[in-house]
Amino acid sequence: MSSRPLEGLTVLDLTTALAGPYATLLLGGLGARVIKIENPATGGDAARNNSPYLTPNGMQVTRGSEADMSVSMLSRGRNKESITLDLKRPEGRATLLDLAARADILVENYSAGVTGRLGIDYATLRTVNPALIYTSISGFGADGGEGRAMDTIIQALSGVMMTAGEPGAGPVRFGLPIGDLSAPLFATIGTLAAVVHRQQTGLGQHVDVSMLGSLTSLVASEPFDAFEEIGLPVRTGEHVPRLAPFGTFAAADGWFALCAPTDKFARGVLASLGDPALLGDERFARRDGRVEHADALHGLIADWARDLPLATAIEALEGNDVPVAEVRDPAAALRDERVRERGEVVKLALPDGQEAADVYGPGMPFLMSGADIGLTRPAPRLGQHTVEVLQSVLGYSPDRIDTLKREGVL
């Protein structure tokens, strides 16, 4: 038996940008064969034109030649084969149906209604392959209308922008595209559940994932509406009063985060501040008191840390068994040996396999004791595997492939 969990499964990847490609990236990392289908008329996946680009002269804001490759594609295109296919052409649609008849999974992230107009929707493809698992990622779901959804739009509609920042301030757009990244996680879970269900029934199904629903379900995992109802603030800025002491604090040369909601951890914080009287202060002895006097408690920590070197503040808190950490920027975080050794963050490579100097992307964010997983193959050039796939999967002859090329289908 293969040690790759999804070895032997073929995925047709009709996705572009981030949400869909991240889902198929995970499936590829689990061992599935992912055939990425890109439109030759538009230059393929939109991510191929995302700045910055990796060039022979290093990172550049603009592309200088066709050999330069977007870092977005270097990351999201790994463990995939690329073929070009114009699905607006009858011959292109017919080729996709041929592929779908032999595939196990198809993932698409067109706007709702587009696959129907192209004649490649689930209702059509299940007629050629009843076992096909057809996963759709759209802004508002298959029945949610045809509105276009970008990450910031989804963040705005989900309510998440109003869970961070200072009370009364403007909305906070999360720098990490959490709308684009939550949907593919649920899509992957749904797809794998459908694989298990097919093993039981022999039938595929439509897995319908909404970006708005994915992110809003995460917002609902915290009772923000209940907080409002009883008068607790939803937006609390750098600190979380209901868990005090809890939040981020400035030292002389950086920031740290501490989380000390329990009596034990809170005593550790008070001991770190260097004033023995605080350990006997009834305001801070129990959690309810610390919540009631959160502003005063957080003010004491802020005053203590303000002029201390960051390392000194962290050392003092750690010495009293307080959960604390430096607030790092992404560049430092990606170079943490703990995540690199586990393969959760990895160096990217060019299509020829040459490692890109000091450029990192996501690895597989979990380990498996009995299976081989990982993103080991570099992203392909546009259409790099067209001939190979059409010959090996569909048995198309060289003459037929040449005809499709001449007619602009490939």
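In this structure, CG in Leu243 is found 10.5 Å from CZ in Arg290, a value given to the nearest 0.5 Å. Between Ile178 atom CD1 and Ile154 atom CD1 the span is 11.0 Å, to the nearest 0.5 Å. Between Asp180 atom CG and Met211 atom CE the span is 4.0 Å, to the nearest 0.5 Å. Note that CZ of Phe249 is 9.5 Å distant from CG of Leu317, once rounded to the nearest 0.5 Å. The CZ atom of Arg117 lies 13.5 Å from the CG atom of Leu87; values are rounded to the nearest 0.5 Å. Between atom CG of residue Asn79 and atom CG of residue Leu375 there is a gap of 5.0 Å, rounded to the nearest 0.5 Å.
Side-chain contact between Val209 and Ser214 is present, with heavy atoms from C-beta onward closer than 4.5 Å. Taking 4.5 Å as the limit, every side-chain heavy atom of Leu96 sits out of range of all side-chain heavy atoms of Leu118. For the pair Arg76/Leu25, no side-chain contact is recorded, criterion being any heavy-atom separation below 4.5 Å from C-beta on. You'll find the side chain of Thr152 stays beyond 4.5 Å of the side chain of Pro177, heavy atoms only. For the pair Leu30 and Leu192, the minimum side-chain heavy-atom distance is below 4.5 Å. Counting heavy atoms from C-beta on, the side chains of Ile120 and Leu106 never come closer than 4.5 Å. Two residues are said to be in side-chain contact when any heavy atoms from C-beta on lie closer than 4.5 Å; Asn39 and Asp86 meet this criterion. Proximity of Glu81 to Pro380: side-chain heavy atoms (C-beta onward) are nowhere separated by under 4.5 Å.
In this structure, Asp288 places its CG atom where only 12 or fewer heavy-atom neighbours from other residues, nucleotides or ligands lie under 6.0 Å away. Within 6.0 Å of the NZ atom in Lys347, the count of heavy atoms belonging to other residues, nucleotides or ligands exceeds 12. No more than 12 heavy atoms of other residues, nucleotides or ligands shown are found within 6.0 angstrom of CE on Met150. Other residues, nucleotides and ligands contribute over 12 non-hydrogen atoms within 6.0 Å of the CZ atom of Arg102. Surrounding CD of Glu315 are at most 12 heavy atoms belonging to other residues, nucleotides or ligands under 6.0 Å away. For Glu229, the CD atom is loosely surrounded, since the number of other residues' heavy atoms within 6.0 Å does not exceed 12.
We find that Asp104 and Arg198 are joined by a salt bridge, their nearest charged nitrogen and carboxylate oxygen being less than 4.0 Å apart. Checked for salt-bridge contact, Glu326 and Arg328 miss the test: no charged N lies under 4.0 Å from a carboxylate O. Between Arg335 and Asp358 there is a salt bridge, since a side-chain N of the basic residue sits under 4.0 Å from a carboxylate O of the acidic one. Salt-bridge annotation for Arg338 and Asp336: present, with a side-chain N of the basic residue lying under 4.0 Å from a carboxylate O of the acidic one.
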task = Would you please test Val71 and Met59 for side chain to side chain contact (heavy atoms under 4.5 Å, CB included) and show each step?
result = CA-CA 9 Å; Val71 174; Met59 301 291 290; 3.3 Å; yes

Side chain to side chain contact (heavy atoms under 4.5 Å, CB included) between Phe284 and Val269, worked out = CA-CA 11 Å; Phe284 309 135; Val269 173; over 6 Å; no

query = Going through the distances and angles, do Arg283 and Asp281 end up as a salt bridge (charged side-chain N to carboxylate O under 4.0 Å, His left out)?
reply = CA-CA 5 Å; Arg283 294 177 300 169; Asp281 193 321; 2.8 Å; yes

ask   = Taking it one step at a time, do Ile133 and His197 satisfy side chain to side chain contact (heavy atoms under 4.5 Å, CB included)?
value = CA-CA 10 Å; Ile133 295 165; His197 189 259; over 6 Å; no

inquiry  = Using side chain to side chain contact (heavy atoms under 4.5 Å, CB included), reason through Leu410 and Ile83 one step at a time and then give a plain yes or no.
reply    = CA-CA 8 Å; Leu410 304 180; Ile83 72 170; over 6 Å; no

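A donor-acceptor contact shorter than 3.5 Å links the side chain of Lys80 to the backbone of Pro21. Between the side chain of Asn129 and the backbone N or O of Ala100, at least one donor-acceptor pair lies under 3.5 Å. Between the side chain of Asp253 and the main chain of Leu310, a donor-acceptor pair closer than 3.5 Å is present. Distance alone, capped at 3.5 Å, places no donor-acceptor pair between the Thr216 side chain and the Gly213 backbone.
Each of Leu132, Leu12, Val195 was checked for a side-chain contact (heavy atoms from CB on, under 4.5 Å) with Ile105, and the lone residue meeting it is Val195. Exactly one of Gln384, Glu38, His385 qualifies for a side chain to side chain donor-acceptor pair (under 3.5 Å) with Ser82. That residue is Glu38.
Side-chain contact check for Lys36 and Thr24: no donor-acceptor pair (N or O, by modelled atom type) lies under 3.5 Å. For the residue pair Asp208 / Ser136, no side-chain donor-acceptor distance below 3.5 Å is found, with atom types taken as modelled. Under the 3.5 Å distance criterion, with hydrogens and angles disregarded, no donor-acceptor pair is assigned to the side chains of Thr95 and Asp98. A donor-acceptor contact under 3.5 angstrom links the side chains of Asn320 and Ser272, judged on distance only.
Scanning all heavy atoms of the two residues, the minimum distance from Phe246 to Ala260 falls at CD1-N, 4.2 Å. Between Ser210 and Gly139 the shortest heavy-atom distance is OG-O, 3.4 Å. Contact between Trp255 and Ala250 at its shortest, heavy atoms only, is CE3-N, 3.6 Å. Shortest non-hydrogen contact noted between Pro40 and Gly408 is CG-O, 4.3 Å. When all heavy atoms of Gly44 and Leu382 are compared, the pair lying nearest together is CA-CD1, 3.8 Å.
Applying the ring-ring contact (aromatic ring centres under 6.0 Å, His included) test to every pair with at least one member in residues 40-84, sequence neighbours left out, gives no pairs at all. Within the structure, the ring-ring contact (aromatic ring centres under 6.0 Å, His included) test picks out the following pairs touching residues 200-223 (sequence neighbours left out): Tyr122-His206, Tyr134-His206.
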Give every donor-acceptor pair under 3.5 Å between a side-chain atom in residues 233-241 and any protein atom, sequence neighbours left out.
| from | atom 1 | to | atom 2 | distance (Å) |
| --- | --- | --- | --- | --- |
| Arg235 | NE | Ala164 | O | 2.8 |
| Arg235 | NH1 | Ala169 | O | 2.7 |
| Arg235 | NH2 | Ala164 | O | 2.8 |
| Arg235 | NH2 | Gly170 | O | 2.7 |
| Thr236 | OG1 | His239 | O | 2.5 |
| His239 | NE2 | Thr248 | O | 3.4 |

